[in-house]
Every structure is written in C-alpha cells, then in structure tokens.
**Student:** 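Dumping the structure here so I can ask a few things about it.
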Amino acid sequence: ITLQRDCNLMPDDLPDLHRELRAAAAQLLKAGADCIHYFHAGPAIAAAVVGAEFANGARVLLYQHEGGSYRCFGPLRLP
C-alpha cells in the first residue's frame with residue numbers, strides 16, 4: 001500500500017491524510033499484517049500520525065529518507 005503526495009503537506013491536508021491512512025491501516029490489519037515497513041520521506045507530523053494510527057496495532061519499522069536512500073530507524077514504538 002502506498003500513500004504518496006506530490007506536493008508539500010500543509011496543515012489543511014492532515015484530515016485527508018488521516019482518512020487515507022486509517023483506510024490503509026484497516027486493510028493491512030484485516031489482511032493479518034503483524035509488521036509494517038514504513039518508508040518515510042516528509043515532515044515529522046506525517047510520521048506521528050502513522051505512529052498514532054498503529055499505536056495499538058501492528059509493529060511499525062520506520063525507514064527515514066536520508067541522502068538519497070532510506071535508513072532504518074527501528075520501531076516507531078518500543079515493545
């Protein structure tokens with residue numbers, strides 16, 4: 001599942017982003033996903049929304065875009 005924006009994320013965009021994320025989360029959890037690899041290139045608020053959405057669900061491993069590639073930062077929350 002890919003959620004992608006081709007423009008800057010603005011505060012007015014957050015409700016739509018949250019709705020899209022909630023639908024994607026429901027689809028992943030319904031399929032039985034227990035670990036999600038999250039590749040992030042954007043503002044920290046978007047990562048915070050992802051963390052909040054999955055706080056009681058699947059384990060989320062965060063990969064942050066850095067210098068043209070992605071670096072694993074580990075889980076969004078510790079066990």
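The basis for the numbers below is simple: all heavy atoms, side chains too, and nothing from hydrogens, waters or symmetry mates.
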**Student:** Going by heavy atoms in the side chains, are Asp13 and Leu9 under 4.5 Å from each other?
**Tutor:** yes

**Student:** Check residues 29-37 and write down every donor-acceptor pair under 3.5 Å in which the side-chain atom is one partner and the other belongs to a residue at least two apart or another chain.
**Tutor:**
residue	atom	partner	partner atom	Å
His37	ND1	Tyr63	OH	2.9

**Student:** Using residues 41-55 as the side-chain source, report each donor-acceptor pair under 3.5 Å to any protein atom, sequence neighbours left out, with the distance given to one decimal.
**Tutor:**
residue	atom	partner	partner atom	Å
Glu53	OE1	His18	NE2	3.1
Glu53	OE1	Arg22	NE	3.3
Glu53	OE1	Arg22	NH2	3.2
Glu53	OE2	Arg22	NE	3.3

**Student:** Run the side-chain contact (heavy atoms from CB on, under 4.5 Å) check on Leu76 and Leu61 step by step: do they pass?
**Tutor:** CA-CA 6 Å; Leu76 275 179; Leu61 294 176; over 6 Å; no

**Student:** Testing the basics here: between Gln64 and Phe73, what is the closest heavy-atom pair and its distance to 0.1 Å?
**Tutor:** CB-CE1, 3.6 Å

**Student:** Indicate if Ile1 and Val60 have the same hydrophobic cluster label, given that clusters are the connected sets of ILVMFWY residues with side-chain heavy-atom separations under 4.5 angstrom.
**Tutor:** yes

**Student:** Tell me if the CG atom of Asp16 is crowded by more than 12 foreign heavy atoms within 6.0 Å.
**Tutor:** yes

**Student:** When rounded to the nearest 0.5 angstrom, what is the spacing between CZ in Arg71 and CG in Leu62?
**Tutor:** 10.5 Å

**Student:** Quick check for you: to the nearest 0.5 Å, what is the distance between Cys72 atom SG and Phe39 atom CZ?
**Tutor:** 8.5 Å

